[in-house]
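Reviewing the structure listed below.
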Amino acid sequence: MLLSQGVRSLSSILLIVAGALSITNQSSAAPVKILADTHFLKSLGIKPISSDPFLQLSVAEVSEYQAETISHSAHQYGKCGGFERLDTDSNIQVSFDLMRYQASQAVAFEFVGSASPAVEKKTFIENATQQVSEDNLREMVQWLSSYHTRFHRVPESNKHVEDLAEKARQLLANLPYPYQVDLIQHTKTPQKTLRVRLQGREYPNEVVVLGAHLDSINGPIPTSKAPGADDNASGSSNIFEALRIASMQEQPLRSIEFFWYAAEEIGLVGSSEIAQSYKQANVDVVGVMQLDMTLFPGEGELVMGDLADFTNPWLRNYLKTLNSLYVGAQWKTTECGYGCSDHASWHRQGYAAAAPFEATLNTMNKNIHTNKDVISPALNFKHSAAFAKLAVAYALDYANSSLRPTF
Ligand code: BES
Ligand code: ZN
C-alpha cells in the first residue's frame with residue numbers, strides 16, 4: 001500500500017516531466033536496463049520488457065543516450081530521476097519478488113513489537129551525542145563543496161575521496177584496536193568508495209553500517225560545477241563526525257562500517273556493487289543508516305523526514321526511539337516513491353535500511369544538482385547536527401547491543 005501510494009504520487013510528477021521530453025532513438029553500443037514507474041515509461045512510449053502491477057514498476061531496455069536524456073531532463077525539473085539503472089544481467093523477477101516481500105514487511109510490522117534501547121547506556125550515549133560540533137560540520141561541508149565537482153566521471157574524480165581517506169587515517173592513527181581504511185574500486189565507475197571499519201570486540205562479524213554518498217552532480221551539465229553542499233556534503237560530514245566521536249569511545253562489541261559511496265548520482269552505482277558483494281559473501285549487516293541531505297529544514301528546524309519506502313520498519317522505529325531519547329527532533333514520515341538513494345541498494349539485497357532526511361519530499365531543498373547547492377543562510381547547521389547526533393546514538397547503541405531486526 002505504502003509503496004503503491006508513493007509510486008502514484010511520483011508518477012504525477014513524472015508525467016509532467018514526460019510531457020516536456022522528446023526521446024529520440026539514437027543508437028548506442030549496449031542497451032541499458034532501467035527500472036521505472038510504469039506510467040512514466042508508457043508516457044514516453046517506451047515498451048517495458050517486464051512489469052509488476054502491485055509495485056507499478058516496469059523494466060525496460062533503452063539506449064545509453066535515452067537513459068541520460070531521461071535523467072538529465074528530469075533533473076532540470078527539480079529532483080527526481082524516477083528511474084534506476086539495473087545490472088544488465090540482473091534477474092528482474094527476483095528483484096520484483098524481493099521488493100514485494102519488503103513491502104509486505106511494512107504491513108507485518110504493524111503486528112510486531114519494536115526495539116528498546118538499553119537504559120544503562122543512556123549516560124554514555126548522551127555524553128557522546130553532546131560532542132557533535134556544528135563547527136566541524138560547517139568546516140567539512142565548506143571543504144567538500146570547494147571542489148569544482150565530485151562527479152564520478154571527471155579526470156580528478158578520486159581526489160576528494162583520497163583526501164577524505166587521508167583525514168580518516170590521521171583521525172585513527174592512534175586507535176588502540178584494529179581498524180581499516182579502504183578505497184574500494186568499482187567495475188561500473190572509475191570513482192572509488194571510501195570505507196572505514198572499526199573492528200568489533202565481541203561480535204566482529206556483525207556489522208552496523210552508516211553511509212552517505214560523497215559524489216555530486218550538476219543535473220543539466222553533469223561535469224560542470226557541482227558543489228553539492230546539501231547533496232551530499234551534509235550527510236558525508238554527519239557520518240564523519242559520528243566516526244570521530246565513535247573512535248573516542250571504547251572498542252564497540254560489533255563492528256561499525258562507515259561508507260562514503262561513489263557514483264550515487266548516476267544510479268546508486270557504488271552502493272549497489274557493495275551491497276551485492278556483501279550479500280554474496282553473506283556478511284551479517286544488522287542495519288544500514290543512510291544520510292543523504294540533512295541541511296535544509298524544509299519542514300522547520302529539527303523536523304526530520306523519515307523515508308518509508310525501500311527501508312525497514314523495525315530499523316526506522318529503532319531510530320525513532322533513539323531520536324526521542326537522545327535528539328528530540330520531530331519525526332515526519334515521507335517517501336520518494338523510488339529508490340532515491342543508497343539505502344535502496346541495501347534494501348534490495350534484503351538488508352534492513354533506514355534513511356532520515358532533511359524534510360519531506362515536497363519541502364526538500366530545490367537547489368540540489370545545480371551550482372547553487374552551496375552554504376547559504378537557507379542551510380541550517382543546527383538542523384544538520386541533529387542527524388549527526390542520531391548517527392552517533394545509532395552507532396554506539398546498536399554496535400553495543402544484541403538487538404537485530406525481528407524480520
Ligand atoms: N539526494 C538525492 C535525492 C534524494 C531525495 C535522496 C530524497 C533522499 C531523499 C539523491 O542524491 C538523488 O539525486 N537521487 C536521484 C536518484 C538516483 C537513483 C540517481 C534522484 O532522486 O534523482
Ligand atoms: Zn542527488
Side-chain angles (χ1 to χ4, degrees), residues 1-13 37 54-57 78-80 82 99-117 211-212 230-232 234-235 238 287-344 346-348 351-366 368 380 383-384 386-387 389-391 393-394 405-407:
M1 268 314 277
L2 278 177
L3 197 64
S4 61
Q5 270 167 14
V7 170
R8 227 169 275 135
S9 59
L10 174 77
S11 60
S12 52
I13 305 167
D37 179 86
F54 171 74
L55 297 167
Q56 298 187 35
L57 290 172
K79 50 188 192 281
C80 304
M99 281 190 269
R100 283 160 153 270
Y101 168 77
Q102 295 274 27
S104 71
Q105 296 310 298
V107 179
F109 179 68
E110 303 298 323
F111 304 98
V112 180
S114 49
S116 322
D230 190 17
D231 187 12
N232 184 30
S234 64
N238 293 153
V288 176
M289 179 188 191
Q290 170 75 2
L291 288 179
D292 184 356
M293 300 174 64
T294 66
L295 263 167
F296 182 79
E299 290 284 329
E301 189 177 79
L302 300 185
V303 184
M304 281 186 187
D306 168 37
L307 292 189
D309 52 354
F310 298 88
T311 51
N312 176 285
W314 182 92
L315 194 69
R316 285 171 51 215
N317 195 264
Y318 176 45
L319 288 186
K320 189 177 175 183
T321 309
L322 290 173
N323 170 60
S324 321
L325 281 171
Y326 301 113
V327 186
Q330 263 186 69
W331 202 255
K332 234 178 174 170
T333 304
T334 185
E335 53 187 44
C336 280
Y338 61 100
C340 58
S341 191
D342 302 299
H343 55 283
W346 293 96
H347 178 83
R348 286 210 181 92
Y351 290 116
F357 181 59
E358 64 186 14
T360 56
L361 258 286
N362 289 334
T363 58
M364 69 186 263
N365 189 348
K366 304 286 187 290
I368 65 166
N380 180 329
H383 187 66
S384 187
F387 293 83
K389 286 180 190 167
L390 189 58
Y394 161 79
T406 45
F407 50 83

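Side-chain contact between T294 and P356 is absent, with no heavy atoms from C-beta onward closer than 4.5 Å.
Every residue meeting the ring pair (Phe, Tyr, Trp, His ring centres under 6.0 Å) condition with Y394, not counting sequence neighbours, appears here in chain and number order: Y398. Applying the side chain to side chain contact (heavy atoms under 4.5 Å, CB included) test to N380 and every residue at least two apart in sequence or in another chain returns P297, E301, K382, H383. Under the side-chain hydrogen bond (donor to acceptor under 3.5 Å, both in side chains) criterion, T334 pairs with no residue at all, not counting sequence neighbours. Under the side-chain hydrogen bond (donor to acceptor under 3.5 Å, both in side chains) criterion, Q290 pairs with S341, D342, sequence neighbours left out. In this structure N323 satisfies the side-chain hydrogen bond (donor to acceptor under 3.5 Å, both in side chains) test with no other residue, sequence neighbours excluded. For A391, the side chain to side chain contact (heavy atoms under 4.5 Å, CB included) criterion is met by L210, A242, M289, L291, not counting sequence neighbours.
Scanning both residues, K332 and V303, for their nearest heavy atoms gives CD-CG1, 4.2 Å. Here the closest heavy-atom approach between residue W331 and residue D306 is recorded as NE1-OD2, 3.2 Å. For the residue pair R348 and F310, the shortest heavy atom distance occurs at NH2-CE2, 3.8 Å. Residues A359 and T363 share a closest heavy-atom pair of CB-OG1, 3.4 Å. When all heavy atoms of L315 and A354 are compared, the pair lying nearest together is CD2-N, 3.6 Å. Of all the heavy atoms in T311 and A355, the pair that sits closest is CG2-N, 4.0 Å.
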Note to self: Under the criterion side-chain contact (heavy atoms from CB on, under 4.5 Å), I'd like the reasoning laid out for L302 against Q330: C-alpha separation, chi angles, the key distance, then a yes or no.
What the structure shows: CA-CA 6 Å; L302 300 185; Q330 263 186 69; over 6 Å; no
- Message: Is there a side-chain contact (heavy atoms from CB on, under 4.5 Å) between M364 and L361? Walk through the geometry before answering.
- Response: CA-CA 5 Å; M364 69 186 263; L361 258 286; 3.8 Å; yes
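To the nearest 0.5 Å, the span separating CG on N312 from NE2 on H347 amounts to 8.5 Å. Separating the CZ atom in F357 from the CE atom in M293 is a distance of 4.5 Å, to the nearest 0.5 Å. Atoms CG and OH, from D309 and Y338 in turn, are 9.5 Å apart once rounded to the nearest 0.5 Å. Atoms CD and CD, on E299 and E358 in that order, are 10.5 Å from each other to the nearest 0.5 Å. To the nearest 0.5 Å, atoms CZ (F296) and CG (D231) are separated by 13.0 Å. For the atom pair K389 NZ and Y326 OH, the distance stands at 14.0 Å (nearest 0.5 Å).
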